[in-house]
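Scroll down for the structure; my scribbles are underneath it.
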Amino acid sequence: MTEIPKAYEPKAVEDKWYGQWIEQGCFTADPARVSPSRPAYSIVIPPPNVTGVLTLGHVLNNTIQDILSRKARMDGKEVLWLPGTDHAGIATQTVVERTLKKAGEIRHRDDLGREKFLEKVWQWKTEKGGIIIQQLKKIGASCDWDRERFTMDPAYSRCVQRVFVDLYKKGMIYRGKRMVNWCPVSLTALSDEEVVMKEQKGYMYHFRVEVAELPGTFLTIATTRPETIPADTAVAVNPKDPRYQHLIGKHVIRALPVELPKEDRRIPIVADEHVDFEFGTGVLKVTPAHDKADFEIGLRHGLPVVDILTPDGRMTAESGPELAGLDRFAARKKSAEILEAHGALEKAEPYVNNVGFSERADVPIEPRLSEQWFLKYPSVAAAKTVVSSGRMRFYPDRWSKVYDNWMGGLQDWCISRQLWWGHRVPVWRLKGGQAAFAGIRQSLEAGQFGTDGDTSFSNTPGESTRLRLNSHPVDGQSLEAATDSPEEAVQLEALGFIQDTDVLDTWFSSWLWPFATMGWTGKPETDQQNPWLKAFYPTTDLVTGPDIIFFWVARMIMAGYEYMGAEPFQNVYFTGIIRDKLGRKMSKSLGNSPDPLDLIASYGADALRFGVMRSAPLGQDILFDEQAVELGRNFCNKLWNACRFRQMQNLGDDGVEGEIDPSLLSSDDRWILLRLDQAIREVTRALAEYNFSEATSVLYRFFWSEYCDWFIEASKAALVRPEDVATTSPGNLRAAKNKVAVIDFILGNTLRLFHPFLPFITEELWHGLGYQHDLPADRGGQTIMRATWPKAFSEEEKEYFGLDSTAEQLASAKYGLVSLGRNLKAQANVPSNKRVPFVLRPSGRLDAQEIEVIRLLLNAETLTGVGAEWSPSKGTPVAANELGELYLPLAGLVDYAAERARLTKEIEKAKSEIKKVEDKLGNPSFVQKVPASVLLEHQGRLSEWQAKLRQLETSLADLPARG
RNA sequence: GCGAGGUUAGCUCAGUGGUAGAGCACUUGCUUCACACGCAAGGGGUCGCAGGUUCGAAACCUGCACCUCGCACCA
């Protein structure tokens with residue numbers, strides 16, 4: 001800090017220190033350093049999407065992780081904050097495909113084929129995929145970048161395969177033809193969690209169908225999706241519905257396609273409990289191929305499944321010549337028109353219903369029957385108990401109920417995706433009957449195949465493949481082989497096996513994140529020797545958003561128990577969701593999401609961190625306002641200038657002042673030491689409770705409202721300017737040096753308290769003020785990151801410094817009196833910079849030193865101490881508290897009318913306070929039942945207000961009648 | 001429909017039984033020798049509504065209203 005700019009300039013400071021931290025390996029974790037005296041602390045980052053760019057959500061989330069990591073380092077822990085990125089199957093594939101299309105390289109990914117396309121994705125990932133990691137560095141994230149992981153790293157991929165094969169062997173992963181959520185844009189199945197319900201405006205179409213056996217008799221059916229009529233294979237009524245009982249077992253003539261002969265459109269009327277006869281007309285069209293509930297009805301009644309939609313949501317030829325080829329939404333309109341043209345449409349009423357949307361592509365999903373891989377969740381009981389028993393803590397706790405609720409209603413997880421980018425399902429398949437398997441039988445040493453068992457295809461020790469013989473109603477028999485061994489895969493392919501073309505849901509890889517990133521292999525003998533797993537698993541804290549509690553958190557807990565035998569983390573902190581100041585979610589289309597990097601450029605990274613932390617209350621969504629960042633910048637600037645002020649107090653002996661001499665401490669010194677003590681306690685507790693906004697408010701209050709507003713100002717009474725050193729008495733110089741020692745003590749502690757929140761500026765000031773001198777390199781000498789976290793005073797220390805309530809009360813009373821005096825000045829319209837004389841009549845003994853501090857804080861020309869015998873001239877404005885009476889003699893300048901108004905107002909206030917307390921004290925049951933301390937406190941308050949009232953009334957009476 | 005959370009100053013939020021708070025915004029006055037990204041003073045709230053418990057309720061209980069978010073879902 002040779003050159004001292006007036007305002008803090010973050011840019012150069014941030015780049016400089018981040019570079020040094022990296023260079024000096026400050027973020028690097030080493031399991032060998034973990035010991036009982038240096039416990040491990042670990043966090044795994046929620047891996048951001050590799051295609052992602054930094055959002056305010058990331059800033060929030062990662063600032064919290066950084067605060068926790070930096071605090072743990074200062075607590076003397078060995079810290080691993082493990083970073084990385086997620087391959088994000090659909091998102092990444094979409095981004096790359098779009099990019100290639102834009103560049104005119106392809107029209108569709110099929111133009112390249114799977115292999116070539118994947119090469120392009122990898123190329124893109126290498127070139128552009130690391131942006132968010134670079135951005136995280138800008139906010140100061142202290143991740144161990146040497147351990148950065150990616151969910152498609154070879155070692156990580158191996159973990160995914162191993163887990164798949166293991167669950168396959170356990171029978172928990174199976175393949176089946178089911179109704180799944182199909183995304184017609186991404187052309188893949190989705191899990192239930194990836195579908196969001198949205199209200200949609202549409203129409204409820206009422207149309208008529210004729211009962212085949214009773215010509216001229218019609219049934220009216222209500223539907224929102226008339227385009228699926230050609231796929232109807234029945235209509236259903238409730239068996240208890242008297243309106244339709246007589247029709248059960250008869251048939252209707254399906255309305256579409258009209259071109260088809262009537263006899264080909266006969267579909268049965270079935271009775272099913274599912275039908276709600278209150279709803280619509282009580283007659284339900286049953287479309288097993290395109291509706292989950294209808295599919296179930298179809299199963300119950302043995303109905304055929306007729307699929308009239310292509311994977312990308314267009315109508316097939318079976319829907320009739322007028323609809324064929326149309327998009328499903330166009331077909332909806334068209335089919336209504338056809339119905340109307342044939343007189344079958346009774347009405348179309350506007351209707352709002354909930355429709356499932358693909359979260360990613362933001363289009364309505366189609367329920368679709370298809371062959372997919374499913375997982376029965378493992379280790380459910382353990383995962384449920386660890387949270388409900390309170391062994392793993394959720395912050396805020398209410399999320400544990402949400403978790404418990406979801407864990408109680410688990411449905412099998414659809415884990416396969418019809419994509420190219422991702423972990424390919426490690427299952428190989430050979431189709432054909434027994435004849436086709438004959439050759440293989442010979443190549444297998446153990447002839448046991450066709451049953452569900454392990455076989456070795458290669459000679460690699462320890463490798464084995466699970467073989468399973470499946471019978472498929474259409475495809476006939478197939479032999480399925482699941483393996484995570486590359487050697488065996490080669491062998492299988494040599495035998496004509498073909499690998500499944502699906503990839504796995506991205507979450508099927510990220511649920512392994514806490515241990516797969518630490519070198520887990522799934523081989524117990526190896527994993528038990530793994531120093532990283534031994535030192536850092538289970539991790540300490542997880543910080544994430546509540547929106548992925550099911551996607552990620554719950555699944556990680558289950559995987560943790562299944563594969564590590566222990567929970568993956570001890571505490572989970574759920575952040576709020578960042579919204580704009582109108583409470584809307586941040587979104588690209590609304591354009592309401594500011595770029596954090598722009599904010600950093602304008603205000604600095606520390607300012608952004610502080611602003612976001614300050615407006616992030618525990619468990620509430622955060623309404624983001626750029627003003628919060630501005631506040632952060634102002635705060636950094638305040639800190640900067642307070643330290644600049646310290647730098648100017650150089651008393652000839654360069655550098656940090658030494659020990660504090662307790663005998664020279666003033667009441668202000670003792671007061672600020674106690675305020676610091678309080679701040680340390682409150683910040684430490686707030687952090688332990690993950691209450692980050694509370695911690696920042698305490699820091700703000702302590703540093704700005706207490707240290708700067710009162711202590712620094714008061715300290716100016718004792719400080720000596722460098723140019724005056726020669727002419728200052730030795731006693732005053734000693735006092736000044738002791739004052740600087742107190743300032744150094746406070747600032748040294750303050751910088752450390754602030755460091756987790758404001759890493760850059762605190763490091764700069766730590767070195768600028770020379771606080772690193774005389775500290776061991778690993779305890780603050782090299783970096784504030786490793787300085788010890790401030791400790792509250794022990795009783796012994798409090799005694800040593802004389803920190804008792806007397807000192808605190810005296811200082812508080814002084815500041816109280818100063819405020820009253822400043823108020824007198826303002827009421828009398830004296831500009832705050834104008835120095836006028838004050839007179840003080842103390843109620844007890846008051847040192848000259850203390851009087852000087854009061855004078856200085858009042859910015860008074862003089863503050864004359866007078867005895868009880870002194871009396872002011874009539875009408876002199878006066879204010880008083882327990883310390884004494886403060887007069888503002890204005891010799892003819894008093895605005896008596898204003899003074900009368902002021903006094904009258906004060907008197908009213910005093911009277912109302914007295915009445916309040918008197919009412920309470922006058923209540924017999926209050927006096928009887930209330931604790932003694934509360935009674936005393938009320939009595940004290942009463943006499944205080946009474947004394948004040950007397951004084952005010954005297955002043956008012958003393959005012960000349962006319963002013 | 002089920003569940004969770006919320007309702008306190010113009011705005012964003014603290015405040016879990018004993019004198020209603022902070023920051024921002026607002027008004028007024030200040031180039032007071034660290035800081036105008038600042039200093040000082042000030043105005044502003046029947047704590048969503050109605051009952052109840054209590055000597056005493058913003059806080060605890062009951063009901064209601066409104067807002068937000070999950071989960072489920074009827075074509």
Side-chain angles (χ1 to χ4, degrees), chain A residues 4 6-8 197 204-205 221-225 228 235-236 274-276 278-287 291 293-294 351 353-354 356 396 398-399 401-402 405-406 409 546-547 549-550 577 579 581 583 603 607 614-615 617-625 627-628 630-649 691 693-694 696-697 700-701 704-705 708-709 712-713 716 721 818-819 822-827 829-835 856 859 913 916-917 919-920 923-931 933-935 937-938 941 944-945:
Chain A
I4 315 172
K6 250 178 133 178
Y8 173 56
M197 301 306 277
M204 180 65 86
Y205 300 91
I221 302 176
T223 181
T224 53
R225 300 198 63 186
T228 64
V235 297
H274 169 80
V275 180
D276 176 358
E278 305 273 317
F279 191 91
T281 60
V283 185
L284 173 69
K285 65 194 258 324
V286 182
T287 324
D291 184 282
D294 288 7
Y351 187 73
N353 64 338
N354 282 327
R398 63 189 160 87
W399 293 111
K401 284 180 208 157
V402 176
N405 196 274
W406 189 74
D547 46 337
I549 187 167
F550 311 138
I577 291 170
R579 298 168 181 282
K581 60 182 165 186
Y603 301 102
R614 194 163 193 283
S615 44
L618 185 68
Q620 302 254 74
D621 285 356
I622 297 135
L623 302 192
F624 180 80
D625 189 335
Q627 277 193 339
E630 200 177 321
L631 178 104
R633 178 201 56 184
N634 295 353
F635 189 77
C636 290
N637 190 54
K638 189 76 177 175
L639 183 60
W640 180 259
N641 274 290
C643 291
R644 224 177 119 224
F645 175 74
R646 159 62 186 93
Q647 279 244 303
M648 293 173 180
Q649 313 306 318
N691 199 337
S693 65
E694 161 83 4
T696 52
S697 324
Y700 191 98
R701 182 203 70 210
W704 200 309
S705 308
C708 290
D709 287 353
I712 288 204
E713 294 307 321
K716 290 175 182 172
R721 295 184 199 177
V818 168
S819 288
R822 287 169 175 171
N823 178 249
L824 287 184
K825 233 174 119 172
Q827 295 288 340
N829 283 318
V830 180
S832 62
N833 64 328
K834 171 143 174 134
R835 296 190 160 192
L856 188 107
N859 194 27
E913 289 300 322
K916 269 199 247 174
V917 186
D919 282 354
K920 280 195 174 183
N923 183 342
S925 46
F926 175 80
V927 183
Q928 275 169 23
K929 294 185 182 174
V930 92
S933 62
V934 174
L935 188 61
E937 186 258 321
H938 277 77
R941 202 192 310 158
E944 266 173 44
W945 278 111

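Below, read A as the first sequence line, B as the second, and so on, with proteins coming before strands; counting in each chain starts at 1.
- Between A/W640 and A/K6, the shortest heavy-atom contact is CD1-O, 4.1 Å.
- For the pair A/N923 and A/N859, nearest-nucleotide mapping onto RNA chain B gives the more 5' position to A/N859.
- Nucleotide B/U54 is matched to nothing when pairs are restricted to Watson-Crick or G-U wobble geometry with both distances under 3.5 angstrom.
- Rounded to a whole Å, the CD atom of A/Q627 is 12 Å from the C1' atom of B/G10.
- Comparing B/A75, B/G70, B/C13 by their nearest atom to the side chain of A/F550 picks out B/G70.
- As judged by a 4.0 angstrom heavy-atom cut-off over every strand, A/T224 is placed among residues touching the sugar-phosphate backbone only.
- A/L631 comes within 4.0 angstrom of sugar-phosphate atoms only, judged by non-hydrogen atoms across all strands, and of no base.
- Within the model, atoms CD of A/Q627 and CG of A/L631 stand 9.0 Å from one another, a figure rounded to the nearest 0.5 Å.
- For A/L623, the listed nucleotide lying nearest its side chain is B/C13; candidates were B/C13, B/C30, B/C37.
- Note on A/D294: nothing from the nucleic acid sits closer than 4.0 angstrom, heavy atoms only.
- The partner of B/U31, taking Watson-Crick or G-U wobble pairs whose two distances both stay under 3.5 Å, does not exist in any strand shown.
- Here A/N641 contributes atom CG and A/M648 contributes atom CE; the two are 8.0 Å apart, rounded to the nearest 0.5 Å.
- Side-chain proximity of A/F645 to the nucleotides B/A75, B/A41, B/A34 is greatest for B/A34.
- Note on A/N405: every side-chain N or O is 4.0 Å or more away from OP1 and OP2 of B/A4.
- Dashed line: the shortest gap from a side-chain N or O of A/N833 to OP1 or OP2 of B/A40 is not under 4.0 Å.
- In terms of phosphate contacts, A/R822 brings a side-chain nitrogen or oxygen within less than 4.0 Å of OP1 or OP2 of B/A41.
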Problem - salt bridge (Lys or Arg N to Asp or Glu O under 4.0 Å) between A/E944 and A/R941, intermediate numbers included - result: CA-CA 5 Å; A/E944 266 173 44; A/R941 202 192 310 158; over 6 Å; no

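- For B/C35, its base never sits under 3.5 Å from the side chain of A/R644 at any donor and acceptor pair.
- Contact between the side-chain N/O atoms of A/N637 and the OP1/OP2 oxygens of B/G38 is not found at any separation under 4.0 Å.
- Judged by distance alone, with hydrogens and angles left aside, A/E713 brings a side-chain donor or acceptor within reach of the base of B/A34, the pair sitting under 3.5 Å.
- A/W406 has no side-chain polar atom (N or O) that falls below the 4.0 Å cut-off from OP1 or OP2 of B/A4.
- Rounded to an integer number of Å, the gap from CG of A/L856 to P of B/A40 is 13 Å.
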Close N or O pairs between protein and nucleotides 15-22 of chain B (under 3.5 Å):
{"residue": "B/U19", "atom": "O4'", "partner": "A/R941", "partner atom": "NH1", "Å": "2.8"}
{"residue": "B/A20", "atom": "OP1", "partner": "A/K916", "partner atom": "NZ", "Å": "3.4"}

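- No contact: A/T287 has no heavy atom under 4.0 Å from any strand.
- Taking only side-chain nitrogens and oxygens, A/Y351 comes nearer than 4.0 Å to OP1 or OP2 of B/A75.
- For B/U12, the paired nucleotide is B/A22, the pair qualifying as Watson-Crick or G-U wobble because both relevant distances are below 3.5 Å.
- Inter-residue side-chain proximity for A/R225 and A/D291 is flagged as unmet; no heavy-atom pair is nearer than 4.5 Å.
- Put simply, A/T281 has no side-chain N or O that comes within less than 4.0 Å of OP1 or OP2 on B/A75.
- How far CZ of A/R822 is from OG of A/S832: 9.5 Å, rounded to the nearest 0.5 Å.
- Between B/A58 and B/A9, the two P atoms lie 15 Å apart (nearest whole Å).
- Taking atom CG of residue A/N634 and atom P of nucleotide B/G23, one finds them 13 Å apart after rounding to whole Å.
- Taking atom C1' in both B/C2 and B/A20, one finds a spacing of 37 Å when rounded to whole Å.
- Nucleotide B/U68 holds its P atom 19 Å from the CG atom of A/D547, rounded to whole Å.
- A/M204 is not listed as a side-chain neighbour of A/N353, based on a closest heavy-atom distance of 4.5 Å or more.
- The gap from the P atom of B/G45 to that of B/G29 amounts to 23 Å, rounded to the nearest Å.
- Distances shorter than 4.0 Å separate none of the side-chain N or O atoms of A/K716 from OP1 or OP2 on B/C39.
- For A/K6 and B/C35, a side-chain-to-base donor-acceptor distance below 3.5 Å is absent, hydrogens and geometry of angles not being considered.
- Atom-to-atom distance recorded for A/E694:CD and A/T696:OG1 is 8.5 Å, nearest 0.5 angstrom.
- For the C1' atoms, the distance from B/A57 to B/G15 is 14 Å, rounded to whole Å.
- The side chain of A/N823 approaches B/G42 more closely than any other nucleotide in the set B/U32, B/A14, B/G42.
- In this structure, the separation between CH2 on A/W704 and NZ on A/K638 is 5.5 Å, given to the nearest 0.5 Å.
- In this structure, A/A293 and A/W399 both approach RNA chain B, and ranking their closest nucleotides by distance from the 5' end singles out A/W399.
- When the P atom of B/C73 is taken as reference, atom CE of A/M197 falls 7 Å away, rounded to whole Å.
- Counting heavy atoms from C-beta on, the side chains of A/H938 and A/F926 come closer than 4.5 Å.
- B/G38 sits 8 Å from B/C24 when the P atoms are compared, rounded to a whole Å.
- Counting to the nearest Å, the P atom of B/G10 and the CG atom of A/D625 are 18 Å from each other.
- Comparing the same atom, P, in B/C67 and in B/U62 gives a spacing of 23 Å after rounding to whole Å.
- Using the Watson-Crick or G-U wobble rule with both distances under 3.5 Å, B/G70 pairs with B/C2.
- Rounded to a whole angstrom, the distance from the C1' atom of B/A50 to that of B/A65 is 10 Å.
- Across A/A236 and A/V286, no two heavy atoms sit closer than the pair CB-CG2, 3.7 Å.
- B/U7 and B/U16 have their P atoms separated by 13 Å, given to the nearest Å.
- Comparing B/A41, B/C39, B/C33 against the side chain of A/R835 picks out B/C33 as the nearest.
- Using Watson-Crick or G-U wobble geometry with both donor-acceptor distances under 3.5 Å, B/C64 finds its partner in B/G48.
- Protein atom CD1 of A/I712 is 11 Å distant from nucleotide atom P of B/C39, rounded to whole Å.
- One can find a donor-acceptor pair under 3.5 Å joining the base of B/C73 and the side-chain atoms of A/N354.
- For the ring pair (Phe, Tyr, Trp, His ring centres under 6.0 Å) test, residues two or more places apart in sequence or in another chain that qualify with A/W406 are A/Y377, A/F550.
- Within the nucleic acid shown, A/C708 comes within 4.0 Å of at least one base atom, counting heavy atoms only.
- At whole-Å resolution of the value, CZ in A/R398 and P in B/C71 are 14 Å apart.
- Counting non-hydrogen atoms under 4.0 angstrom, A/S615 reaches nothing in the nucleic acid.
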